[in-house]
2 protein chains.
Amino acid sequence: MGLTMTRAAAASAPDFDLPRFFPYRVAVLAERVSQAISQVYLDRFDLSRAEWRVVAALGCNEKMAAKDIGPYSALDKMQVSRAVARLEQEGLIRRVGDKADGRAKIISLTPAGRTLYQRIVPLTLAREAYLLEALEPNEREILSRAMDRLLARAESLIERG
Amino acid sequence: MGLTMTRAAAASAPDFDLPRFFPYRVAVLAERVSQAISQVYLDRFDLSRAEWRVVAALGCNEKMAAKDIGPYSALDKMQVSRAVARLEQEGLIRRVGDKADGRAKIISLTPAGRTLYQRIVPLTLAREAYLLEALEPNEREILSRAMDRLLARAESLIERG
DNA sequence: TATTGTTATACTCTATAACTATA
DNA sequence: TATAGTTATAGAGTATAACAATA
């Protein structure tokens, strides 16, 4: 990981090595992990990644307004809107108007949606467990904390431009 | 991180929590890191991610055949082909036929391409360094090894389907 | 005037495969 | 028959913004 940052060379030949560049490595890792997991929700159950995230969010939370699904699942409001529209067509979720706020719609899984969720979850958890078996418990803890800190730093970089 | 894997509940309510699900977390992290880095190569220098990777590969390697750029930069041959075509139009790379293999074309940066590379690299390294400042040296080492192992496991999951 | 959610549009990316030229 | 690389095409995903309804 370009971790040592030994800038032996000056601007004319900076110490840059793509395969060790952290942003590259995390992109490749995430892409491969996503492929491995999407074999479950996409290939076997024909859900897009956004649709799977919405199902997962509702599986964890029972009832949510669309505006809360976005922040919970790292999707923007259009991705949520489109995913929710398709999931409703497929009979996997239902929407009812919120009495408290006429603009909002409360979204929840139908029984079919919950059954789907319950089928997918064990398969994805098994794959996650297989991935994490590569690590010792203390390594997992360090990884988890590292990811939280890196995410916070990435977000502060994005903010400042 | 769904790391503890305490499956207290049975299939009817598996211990699934999207925000702690490792594949979700690594996807979100990679996306945010990519946004933070693409502010450099995309917003300031108008390169797509694939184009930046090709420039970076050639910055690290001087001369490469297209077939070697793909594996080096985690791009498929079409992504390489398109990126290379645009970079050539922009005068950032050049292609010459390989005398040893009439099918292959040897690709290298032009002086303009190398100048661009040398401008981008310090900026991306600075952002990488900022991200990694969040971690102690030993944490970086553990993270680096963890990423290698997780990648290998993800690839073996993909292979077996 | 701001927020919730949908729709429209254009653009980019991706995936598959057909195609050429060489080997 | 296989490989290096390009091109074609269609589908999926993305970004921006306009829009309607409600607050």
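Below, chains carry the letters A, B, ... as their sequence lines are ordered, and counting in each starts from 1. Reckoned from all heavy atoms, side chains included, excluding hydrogens, waters and symmetry mates. Just so you know, these numbers come straight off a predicted model, no measurement behind them.
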Which whole-number value in Å describes the distance from A:Asp98 CG to C:dT3 P? 17 Å

Measure from CZ on A:Arg86 to P on C:dT7 and round the result to the nearest Å. 16 Å

Check this for me: does any side-chain nitrogen of one of B:Asp15 and B:Arg20 sit under 4.0 Å from a carboxylate oxygen of the other? no

Can you give one letter per nucleotide of nucleotides 13-21 of chain D, going 5' to 3': B for a protein heavy atom under 4.0 Å from the base, S for sugar-phosphate only, - for none? SSBBB---B

Donor + acceptor pair across side chains of B:Gln89, B:Arg86 (<3.5 Å): no

Taking atom C1' of D:dG5 as reference, at what distance in whole Å does atom CD1 of B:Ile106 sit? 13 Å

Can you see if the side chain of A:Ser81 gets near the phosphate of C:dT6 - specifically, an N or O under 4.0 Å from OP1 or OP2? yes

Euclidean distance, atom CG of residue A:Asp43 to atom P of C:dA15 [Å, nearest integer]: 12 Å

For B:Tyr130, does the six-membered ring have the charged nitrogen or CZ of A:Arg160 within the cation-pi criterion, i.e. under 6.0 angstrom from the centroid and within 45° of the normal? yes

Between atom CD1 in B:Ile69 and atom P in D:dT3, what is the gap in whole Å? 20 Å

When the side chains of residues 57-64 of chain B are checked against the rest of the protein, which donor-acceptor pairs come out under 3.5 Å, sequence neighbours left out?
{"from": "B:Asn61", "atom 1": "ND2", "to": "B:Ala57", "atom 2": "O", "distance (Å)": "3.0"}

I need the NZ-P distance between B:Lys105 and D:dA4, as an integer number of Å. 14 Å

Sequence-distant partners of B:Pro71, side-chain contact (heavy atoms from CB on, under 4.5 Å), two or more places apart: none

B:Asp101 CG to D:dG5 P, straight-line distance once rounded to whole Å: 8 Å

Return yes if some donor-acceptor pair links the side-chain N/O of B:Arg114 with the main-chain N/O of B:Leu109 below 3.5 Å, else return no. no

What is the distance from CG of B:Leu87 to C1' of D:dT6, rounded to the nearest Å? 16 Å

